[in-house]
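Quick note: residue numbers are just sequence positions, from 1. Worth saying up front: this structure is predicted, and the values here are computed from it rather than measured.
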Amino acid sequence: MTLLNAFFKFRGDIVLLFAAAYLDFSVKFLRRLDARQAMLGACFASLAAFVYLFNKLHDSREDAVNTPENCLTARQWKILACASALAFMAPLAYLFRLGLPRLWGPYLGLGALNILYSLPLGENRWRLKKFPLSKAGVTMLNGFWIIVMAPILAWHPFPWRGLPRILLGSIPLFLIIFGTAVLLDIRDMEGDRDSGNRTIPLIMGAGPAAGMVCLLMLAACLPVFWPAGRHPERGLPLIVAAFALGAPAARGSLYYHGLILAQCAALLLCLP
């Protein structure tokens with residue numbers, strides 16, 4: 001297995017997207033990125049890695065249909081389990097060392113939520129991710145806390161009075177994450193159908209789901225969601241919309257890797 005194959009197999013592209021968005025938000029909106037802020041970004045990127053690694057541990061049935069090249073051998077499964085535990089525990093130890101208790105709760109809470117989301121429960125191996133909006137909802141919550149609230153809480157102990165304004169300003173982020181999650185569900189339709197997962201593309205159909213994503217991305221570009229000034233990040237919804245136009249046709253995993261990496265590149269190129 002080459003390094004590039006391992007990068008995609010273990011969701012490295014999605015973790016990179018979380019890290020790039022955290023970096024963009026810290027530099028553009030908080031106007032600071034010192035060593036501590038960078039380390040906190042690494043901690044929450046590691047949390048994102050834990051989320052996707054842990055989820056992959058229990059996605060063998062879906063992967064066998066959607067992306068058979070990403071199926072794990074028994075040895076890789078053990079390595080992944082160890083990497084998942086390390087990705088969660090090492091940053092937590094650093095957060096305790098920093099002495100920022102206001103970040104401990106969100107970190108532990110997100111970890112617990114994502115374990116509940118991915119873990120099969122009971123004799124029927126019931127999973128929260130089988131519900132239509134669960135994947136997009138959990139991903140939006142992860143994105144909001146990792147990209148927006150984590151860097152804010154690092155410097156502002158009590159930002160809760162401004163939470164309505166923060167949520168309003170985060171609407172484009174929610175829409176972009178939701179649209180990306182729906183497109184990835186279009187990629188995974190066969191495996192989700194086989195596993196009994198009820199995703200939006202399976203309910204609406206691939207074409208209508210992609211059309212809905214295009215409309216949401218146009219809404220995400222509306223000036224009302226962006227403060228005055230030049231914001232090249234407004235190009236992100238257009239990237240997602242462009243990939244949505246091609247999503248209803250049968251596409252391989254490389255197409256969707258391109259969707260994620262194009263967003264990463266756009267965020268990094270937008271940095272001053």
Side-chain angles (χ1 to χ4, degrees), residues 13-31 44-45 48 51 132-152 159 162-188 199-201 203-248 251 255-272:
D13 51 341
I14 299 180
V15 175
L16 179 62
L17 180 57
F18 273 101
Y22 175 97
L23 182 65
D24 181 84
F25 182 82
S26 295
V27 172
K28 290 286 187 61
F29 293 96
L30 297 184
R31 302 192 184 282
F44 278 89
V51 166
L133 292 175
S134 61
K135 178 178 180 180
V138 170
T139 307
M140 284 192 292
L141 186 60
N142 287 336
F144 176 67
W145 274 102
I146 292 172
I147 296 166
V148 178
M149 291 306 295
I152 289 177
L163 188 59
R165 187 165 57 89
I166 294 171
L167 288 170
L168 179 62
S170 299
I171 288 177
L173 172 68
F174 291 136
L175 293 176
I176 292 168
I177 293 175
F178 181 84
T180 302
V182 170
L183 294 186
L184 295 180
D185 280 339
I186 292 176
R187 177 198 64 186
D188 295 341
T199 62
I200 292 173
I203 294 171
M204 297 179 62
M212 178 190 69
V213 171
C214 289
L215 292 176
L216 291 176
M217 293 309 100
L218 292 177
C221 292
L222 293 176
V224 68
F225 296 130
W226 299 89
R230 182 174 175 272
H231 294 280
E233 297 89 350
R234 288 175 70 176
L236 282 175
L238 300 180
I239 292 174
V240 178
F243 277 88
L245 291 174
R251 304 286 181 181
Y255 184 81
Y256 294 94
H257 292 326
L259 164 66
I260 302 301
L261 293 178
Q263 293 182 68
C264 291
L267 285 167
L268 295 175
L269 289 173
C270 288
L271 292 174

**Message:** With side-chain contact (heavy atoms from CB on, under 4.5 Å) as the criterion, how do Leu173 and Phe25 come out once you've worked through the C-alpha distance, each side chain's angles and the decisive distance to 0.1 Å?
**Reply:** CA-CA 11 Å; Leu173 172 68; Phe25 182 82; over 6 Å; no
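- Of all heavy-atom pairs spanning Leu184 and Ile14, the tightest one is CD1-CD1, 4.4 Å.
- Expressed to the nearest 0.5 Å, how far CG of Leu216 lies from CD1 of Ile171 amounts to 12.0 Å.
- Using a 4.5 Å cut-off on side-chain heavy atoms (C-beta onward), Leu167 and Phe174 make contact.
- Closest approach of Leu236 and Ala266 over heavy atoms only: CD2-CB, 3.8 Å.
- Under the salt bridge (charged side-chain N to carboxylate O under 4.0 Å, His left out) criterion, Asp13 pairs with no residue at all, not counting sequence neighbours.
- Phe44 meets the ring-ring contact (aromatic ring centres under 6.0 Å, His included) test with Tyr107; sequence neighbours excluded.
- In this structure, CE in Met140 is found 12.0 Å from OG in Ser170, a value given to the nearest 0.5 Å.
- Here SG of Cys264 is found 12.0 Å from NE2 of His257. Values are rounded to the nearest 0.5 Å.
- Residues Ala244 and Cys214 approach most closely at CB-SG, 3.7 Å, considering heavy atoms.
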**Request:** Would you please test Leu175 and Met217 for side-chain contact (heavy atoms from CB on, under 4.5 Å) and show each step?
**Result:** CA-CA 7 Å; Leu175 293 176; Met217 293 309 100; 4.2 Å; yes
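- What you find for Phe18 and Gly143 is that their closest heavy atoms are CE2-CA, 3.5 Å.
- Partners of Thr139 under the side chain to side chain contact (heavy atoms under 4.5 Å, CB included) rule, at least two apart in sequence or in another chain, are Tyr52, Lys135, Ile177.
- Remark: Thr180 engages Gln263 in a side chain to side chain donor-acceptor pair (under 3.5 Å) (not counting sequence neighbours).
- The ring-ring contact (aromatic ring centres under 6.0 Å, His included) search around Phe243 returns Tyr255, not counting sequence neighbours.
- From Ile176, atom CD1 reaches atom CD1 of Ile147 across 9.0 Å, with rounding to the nearest 0.5 Å.
- Between Asp24 and Leu267, the shortest heavy-atom distance links the atoms OD1-O, 3.8 Å.
- Shown here are the ring-ring contact (aromatic ring centres under 6.0 Å, His included) partners of Tyr256, two or more places apart in sequence or in another chain: there are none.
- Phe178 contributes atom CZ, which lies 4.0 Å from atom CE of Met212 (distance to the nearest 0.5 angstrom).
- Ala19 and Ala45 make their closest contact through CB-CB, 4.2 Å (heavy atoms, listed as atom of the first residue, atom of the second, distance).
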**Request:** Check the pair Asp188, Thr199 against side-chain contact (heavy atoms from CB on, under 4.5 Å), reporting the backbone distance first and the verdict last.
**Result:** CA-CA 9 Å; Asp188 295 341; Thr199 62; over 6 Å; no
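- A distance of 7.0 Å separates CD1 of Ile200 from CG of Asp185, quoted to the nearest 0.5 Å.
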